[in-house]
Amino acid sequence: MTEEIAVASPRLVCASPAQLEAVLAKFTGRILGVLAYAATRPEWPAGEVPCTWVTLPVLTGEAWYEVWVSTRAVAVSRDSGLSFSHDGGLLFGSLVLGDADAGQIDRKAFAAYSAIFDVLDRMGYPELLRVWNYFPDINGADRGMERYREFNVGRYEAFCRKGRAIGDGMVPAACALGTRQGTLVVCFLAGRAPGIYIENPRQTNAYLYPSDFGPRSPTFSRGVLVGDALLVSGTASIVGSKTMHPGDVLRQLDETLENLRVVVAQARARGFATSDPAGLSLNVYLRHATDYPVVRGRLDAEFGGARIAFLQADVCRTDLLVEIEAFWMPIP
Ligand code: 3EB
């Protein structure tokens with residue numbers, strides 16, 4: 001007799017402020033955590049559900065909630081300033097560090113990632129699957145280096161110090177965006193087992209970016225398959241390692257959509273089978289809020305049934321005007 005082993009898979013439910021209470025009630029006991037996107041402190045779920053505020057303006061309303069749900073019962077915990085939930089297969093959590101606008105973002109990144117890796121090792125969920133990085137003034141300069149590049153130095157050093165390999169099929173999916181408030185927010189999904197990490201043949205693997213993009217490369221992959229869920233990294237108008245179509249948001253959008261199609265195709269080749277458009281969620285980060293109407297028009301035409309959040313954020317290269325992350329999985 002063969003026994004089927006269920007692989008842990010996350011689920012995502014998106015909610016407006018009006019929908020939040022009902023969503024939380026429906027998934028009580030199975031909520032891994034909530035990412036709350038809002039420019040000003042949003043309404044908070046009561047109780048012990050770990051909720052992390054990402055201080056970005058939402059272009060479609062007051063706030064936007066991503067409720068990450070497990071298919072199993074979860075336990076909620078705290079350790080070393082991290083709050084997290086885990087279900088025996090997956091661990092979802094966040095760490096918020098203050099004074100991230102006071103310089104030395106490399107040290108903050110090193111501290112955050114070191115603390116996260118330590119907790120993951122202690123808890124027995126050593127595999128970092130997907131990371132969300134948010135910090136202020138991402139394109140500003142500290143001590144003569146762009147803060148995103150400085151962030152990459154600290155992140156890279158923490159990977160090395162904590163024994164994480166950097167290479168093909170080994171680095172987490174991620175996004176990195178600039179906010180307007182003084183905290184470094186790092187949210188993460190980790191697992192007892194590694195994910196299937198996806199790269200994009202149109203793009204240089206980010207950990208191999210040449211040094212003109214900074215002394216240490218960013219440590220992320222283009223996407224990750226976690227069970228039957230696909231989590232696509234922040235995706236932009238980059239071919240090889242070069243920004244395409246500077247100054248032209250619609251051409252950047254087309255290039256970004258092509259990159260997204262290629263990442264999904266790569267995931268299909270590795271076993272990703274979800275095709276229900278209702279299970280697709282996109283976060284669209286726009287550098288300029290004034291680009292919202294044209295970008296929205298194009299995306300509404302492209303993605304019929306998907307849930308799309310539009311957020312205003314600084315993208316991690318000054319010449320990038322748009323970045324899109326995508327989550328695609330069965331509806332819980
Ligand atoms: C890029 O493709 C655009 O540093 O974690 C996308 C996703 C980007 C993740 C990161 C950066 C990161 O290089 C920027």
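Given the structure is predicted, the values throughout are model-derived calculations rather than measurements. One-based numbering, in listed order, for ligands and for the atoms of each.
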Exercise. How about Asn152 and Arg149: does a side-chain donor come under 3.5 Å of a side-chain acceptor?
Worked result: no
List, pair by pair, the atoms of ligand 1 and of the protein that are both N or O and lie under 3.5 Å apart, giving the separation rounded to 0.1 Å.
unit_1, atom_1, unit_2, atom_2, d
ligand 1, 2 (O), Tyr209, OH, 3.3
ligand 1, 2 (O), Arg222, NH1, 2.8
ligand 1, 4 (O), Tyr148, OH, 2.5
ligand 1, 4 (O), Arg155, NH2, 2.7
ligand 1, 5 (O), Arg155, NH1, 2.8
ligand 1, 5 (O), Arg155, NH2, 3.4
ligand 1, 13 (O), Tyr209, OH, 2.7

For this session: Taking Asn259 for its side chain and Ala236 for its backbone only, find out whether a donor-acceptor pair lies under 3.5 Å.
Result: yes
Exercise. Charged N to carboxylate O below 4.0 Å: is that the case for Glu325 and Arg130?
Worked result: yes
For this session: Verify salt bridge (Lys or Arg N to Asp or Glu O under 4.0 Å) between Asp254 and Arg298, making sure each step is shown before the conclusion.
Result: CA-CA 9 Å; Asp254 283 340; Arg298 178 77 60 95; 2.6 Å; yes
For this session: Consider only side-chain N and O atoms of Arg307 and Ser281, and report whether a donor and an acceptor are under 3.5 Å apart.
Result: yes
Exercise. In a check of ring-ring contact (aromatic ring centres under 6.0 Å, His included) between Trp68 and each of Phe27, Phe327, Phe84, which one passes?
Worked result: Phe327
